[in-house]
Amino acid sequence: MRTTLSRSSWTRRSAGICLAWAALVLAGCGEGNKAAKGPGSGKADAAKSPLPLVGVSLLTLDNPFFRVIGDTVTSELGKAGYKVVVVSADKDPARQSNQVQDFLQQGARAIILSPCEAKAVVPAIQEANKKAVPVFTVDIPCREDGVKIVSQVATDNLGGGREAAKGMIEALGKAGGKVAILHFKQAESCRLRVQGFREVIEAHNQANPAAKIDLVTELEGGAAKDVSFKATEDALQAHPGLRGIFAINDPSALGCRAALEKAGKADGVILVGFDGQPEGKKAIREGKIYADPIQFPDRLGQEVAQAILRHSRGEEVKPEILIPTKLYRQADAKDDPEAR
Amino acid sequence: MGNAGMGLVLLLVCLGLSLATIDRVEPTGAAAGEWLAQETISRFGDQARVLLVSEAGEQSTQLADGFSRAIGRAPALQSGQVIGDPSDVRKALGRWATEHGRLDAIACSPGMADQLVVREAAMLFPALGQPEILRPAGSSWPRFLGRQNLLNIMGQIAVIAIVAVGMTLVVISGGIDLSVGSLVGLSAILTAAWIQWHGGGENAGTGQMLLGSLIGIGVCALIGAGTGSLVAWAGAPPFLVTLGVMLIARGTAQQLTGGESLAHLPDRFVWLGRGADWGIPNAVILMLVLYGLAEWMLRGTVFGRHLLALGGNAKAAGFAGIPVRRVQVLAYLASGCMAGLGGVVLASQLKSASPTYGDGYELMVIAAVVVGGTSLSGGQGSLLGTLIGALLIAVINNGMNLLGIDPFAQKIVLGCVILLAVLLDRLRQR
C-alpha cells in the first residue's frame, strides 16, 4: 500500500506466514484422511463404508448439564457403531441453523437438537425433513407446526415443580409463611416448573389454611447467579419476613444464597433449587440449599440415543419421552460422590 | 497489496479444507438406482430376489425410477421397493420373509444402508437368509467443495457480510460502531412486528412485507444518523456512544415483544433469505451487489474520498474544506442502514424474529473488517478486503464443522486467525 520497499518485505513475510499456515492445515488433513479411510479403502463393499454420522447441536456447552448430555449420546451411539459430532450453538439461533445445514452437508443420518429458539429452528428442521433425515430434540422441545420430529426427550418439568413445592411445604412445616420465586420466564421449562410449584402450593393452602404459604412475589432471576443475587436483595428489601425462596435452577439458587448470606438471613430462609448440578448438590450437602428436584442429563442422553437406535431399527418410538425428577435432600447428598 | 495477501490466505485455507474433507460422496438419484439394479443382476443373475429400500427424500423417486428402468431388462427378477421410514422397511422385510422367504440382496439408498433395520435384517428375519446389502459406490470428492456447501457458506455469512459493509465505512472514517448487533435484532423485530401485527400475519401481502422491511431498515438508519450526530457534533467517543445505543436498541427490541419471538410470517417472507431464483441464494446476490456499490462509492465518488481523508487525518481534512461532520454522520447512517438490512435478511432466513438476534455480531463484523485489512486507526481499507475477511471467517467456521472439530477449539482457532490478521496489518504498516 505504501512504498515499494516496505511492500516487498511485507509480501515476503506474509507469504512465509501463509505457507506455515497452509502447512498446518495440510498436516491436519493428512490425519483426517487416514482416519476416514481406515483399512481396505477403495473397495465398494458395504461393510467398509465410513461410520454413519449423527449430528448434535446443543443450546450451549458452557453448562455442564449439556456437556453430560453430549458425552452420553456420544458414548451410547459410539457403542452402536455411530460417529457422533457434538457442537454448541452458543444460544444463537442463526448459528444453530448453520450447524444443521453443515450436518446435512456431511450426510448425517440423524440430528439431535436442543433448540435455542423453537420458532427460529423451524426452517432448519424443515430442511432436514426434506432430505428425510430424522430429527430428535433433547431437553428443549420444539412444538411448532410444519415440522416432523421423531421424538422429543425432556425432563418432566411440571412434575419437578410439584416436587419442589412438596420440599418447600415439608421444610416450612406448620407455620407456613411468605415465599418468593426466582423465575426465568422466557424458558418454557421454567414456566412449567413454576406452574407445577404453584399448583401444589395452592392445593396445600386449601387443605391446610393454618399453614398457609403466601407466594408474595415472582422476580426475574435470569437463571444466572449475578441476576438472582440482585433480585434476591430486592426481594428481601420488599418482603423482610420472607421464609422461603424457590429458584428455578442451581445457578439461580446459588446467587440467591449469596444474597441471603450477605443480608445475614441465610439461616432463616428455606431455599429450594432445581437441577442437581454438582455445584448445587454440594450446596445441598452443606445445607445451603434445602433440596433440589434433580434432573438426569445422562438419562436424557441415553433416552435420545435409544430413540435413534429404535427408529433406525424400525421399531416404534414415542413422540414424547418425559424423564421424571427426584427430590434430592441433604440425606441423599451424604453418600453421593458428586456432592463433594 | 493487502487484498492479494488475504485472498491468498483464503485460497490456501480453501485448498487445505478441500484436501481435509475428501470423503466418499454418495451418488443419488437415477444414476444410483441404475447402479444398484446392475450390481444386483451382475452378482445374482437375472433371477435375483431383491428389495429396493430408500428414505422418502427429495431424490428418492428418481432413485426408484432409475432402478425400475434398469431392472425392467431382467423380467425374471423378483423385486419390491419401499420408500419411507425404517419402520416401513421393517414391515416390508417382515412381509417378504413370510411371503417369499429368501432374499438375495437389499439394494439401499446410501442413507438407508446405514440404518440398523437393514444392517441387522438377517438377524431380525432369519427366513430372509443372508441378504447382501448393496449401496451405491461413492466417488472420492471433498465435501467442502460440494456445490451446496459452497452456497451454504455464502448464505451463512451473508448477514455478517452485509453488516460489515457499513462497518467498513465507519472504521475507515476512524470510528467504530458497536451497536450493529443490537440493530440487527431491533430491525428483525420491527419488521416481523409490522407484518404480524399490522400486515396480516401469515396472509400478509408483498407490499406489507416490503413496508415492514423498510420500517426496520429506516428506523435503524435513523438511529445510525443519531449516533453519527452525537459523534460528529458532541465530539463524543464513538466507542461509548455506540455502546449506549447498543443497549438502548437491544432493550427496545426486548420490550417491544416482552422478550418473546415473533413467527407469524408468510411463507413467502423467506424469499430474501432462503430463496435462490438464479441458482445462488438471493441474500448472496444482494450481498455482492452491496459490495460492488460500496466499493464504487469508496473509490469513485467524492464522498468516498472524503471518508478516506477524514480517517487519515481529521484535522487536515477539516482544514482542506471537507464537511467532516456530514461525512461522519453519513458513515454511521450507512452502518445503521446495513445493520437494519442484515436484520431483515436474518429474520427472513429464520422465518422468525427474536430480540436476541444479532447478539455478539458486532464483534464478528469488526473481526471481518479487520481480517480484511481495514486499519482500525482509519484512513485505509477496502470493501473487497472485508468481503474476503468475512468469507475467511465463514470458511473456517464451516470447515471446522465439517471436520467435526471440538467447539471449544473452534473458538481458539478463530481467535488465532484474527490475531494473525492483526499481525499482518502491523507488518504492512511498517
Side-chain angles (χ1 to χ4, degrees), chain A residues 1 6-7 9-11 13-15 17-19 21-22 25-26 28-29 32-33 36 44 46-47 49-50 52 61 80 83 85-88 91-94 97-99 101-103 105-107 109 116-117 119-123 130-134 144 185-186 309 311-316, chain B residues 1-2 5 8-9 12-13 15-17 19-20 22-24 26 55-58 85-87 89-90 111 113-117 120 133-135 137 143 146 148-149 152 156 159 259 261 263 270 274 346 349-352 354 356-357 359 380 398 401-404 407-408 420 424 427-428 430:
Chain A
M1 194 101 200
S6 70
R7 191 159 102 193
S9 92
W10 122 251
T11 315
R13 279 186 221 182
S14 64
I17 294 177
C18 293
L19 282 176
W21 224 70
V25 173
L26 290 178
C29 71
N33 263 346
S49 36
L61 287 177
K83 178 185 166 200
V85 171
V86 181
V87 296
S88 166
K91 301 187 184 168
D92 177 357
S97 166
N98 293 346
Q99 289 168 339
Q101 273 188 343
D102 289 343
F103 285 148
Q105 194 55 39
Q106 286 166 275
R109 300 298 184 228
C116 300
E117 168 73 53
K119 287 176 177 130
V121 81
V122 167
K130 229 194 288 172
K131 296 204 162 145
V133 175
E144 302 299 314
K185 266 194 183 148
Q186 67 195 78
L309 296 179
H311 175 261
S312 178
R313 237 177 231 126
E315 290 167 309
E316 199 196 328
Chain B
M1 295 286 285
L8 187 67
V9 175
L12 284 173
V13 171
L15 184 73
L17 285 175
L19 290 171
I22 290 179
D23 200 353
R24 194 87 78 60
E26 295 128 349
E55 65 279 349
E58 281 160 325
D85 288 335
S87 60
V89 174
R90 190 183 177 114
D114 281 334
Q115 302 295 348
L116 294 174
V117 65
E120 297 172 356
I133 298 168
L134 299 177
R135 67 190 291 166
R143 282 199 187 278
Q148 191 57 47
N149 190 52
N152 282 353
Q156 287 172 9
V159 173
S261 58
V270 302
R274 297 208 152 220
L346 189 57
Q349 279 181 342
L350 299 176
K351 208 186 158 213
S352 65
S354 152
T356 60
Y357 281 10
D359 196 19
Q380 52 175 300
N398 167 269
N401 276 347
L402 291 190
L403 290 173
F408 297 135
L420 203 70
L424 284 177
L427 281 175
R428 192 177 35 159
R430 241 183 248 165

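Lettering follows sequence order; numbering is per chain, from 1.
- With hydrogens and angles disregarded, a donor-acceptor distance shorter than 3.5 Å links the side chain of B:Arg90 to the backbone of A:Arg313.
- If you tally non-hydrogen atom pairs under 4.5 Å between each of B:Asp85, B:Thr356, B:Asn398 and chain A, the highest count goes to B:Asn398.
- If you measure heavy-atom distances from A:Gln101 to chain B, the contacts under 4.5 Å come from both the backbone and the side chain.
- For a residue to count as touching a neighbouring chain, one of its non-hydrogen atoms must lie under 4.5 Å from one of that chain's; by this rule B:Ser352 touches chain A with the side chain only.
- Heavy atoms closer than 4.5 Å to chain B are found in the side chain of A:Asp92, but not in its backbone.
- Only the backbone of A:Val86 comes within contact range of chain B, judged by heavy atoms closer than 4.5 Å.
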### Query
What do the steps show when you test A:Gln106 against B:Asn149 for side-chain hydrogen bond (donor to acceptor under 3.5 Å, both in side chains), and what is the final call?
CA-CA 9 Å; A:Gln106 286 166 275; B:Asn149 190 52; over 6 Å; no
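- Counting all heavy atoms, side chain and backbone alike, A:Ser312 lies closest to B:Pro86 at O-CB, 3.5 Å.
- At a 4.5 Å heavy-atom cutoff, the contact between A:Ser97 and chain B is made by side-chain atoms alone.
- Contact annotation: the side chain of A:Leu309 approaches that of B:Leu116 to within less than 4.5 Å [non-hydrogen atoms, C-beta and beyond].
- Between the side chains of B:Asn152 and A:Asp102, no donor-acceptor pair of N or O atoms lies under 3.5 Å.
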### Message
For B:Gln148 and A:Gln105: C-alpha separation, side-chain torsions, deciding distance, then whether side-chain hydrogen bond (donor to acceptor under 3.5 Å, both in side chains) applies.
### Response
CA-CA 7 Å; B:Gln148 191 57 47; A:Gln105 194 55 39; 5.5 Å; no
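- The line from CD of B:Glu55 to CZ of A:Arg109 is 7.5 Å long, rounded to the nearest 0.5 Å.
- Around the NZ atom of A:Lys91, the shell of radius 6.0 Å holds no more than 12 heavy atoms that belong to other residues, nucleotides or ligands.
- The shortest distance between side-chain heavy atoms of A:Pro123 and B:Arg274 falls below 4.5 Å.
- Interface summary for chain A: among B:Gly111, B:Ala263, B:Ser354, the most heavy-atom pairs under 4.5 angstrom belong to B:Gly111.
- Only the side chain of B:Glu120 comes within contact range of chain A, with heavy atoms under 4.5 Å apart.
- In this structure, the side chains of A:Val122 and B:Lys351 stay at 4.5 Å or more apart for every pair of heavy atoms.
- The contact between B:Leu402 and chain A is made by backbone and side chain atoms together, counting heavy-atom distances below 4.5 Å.
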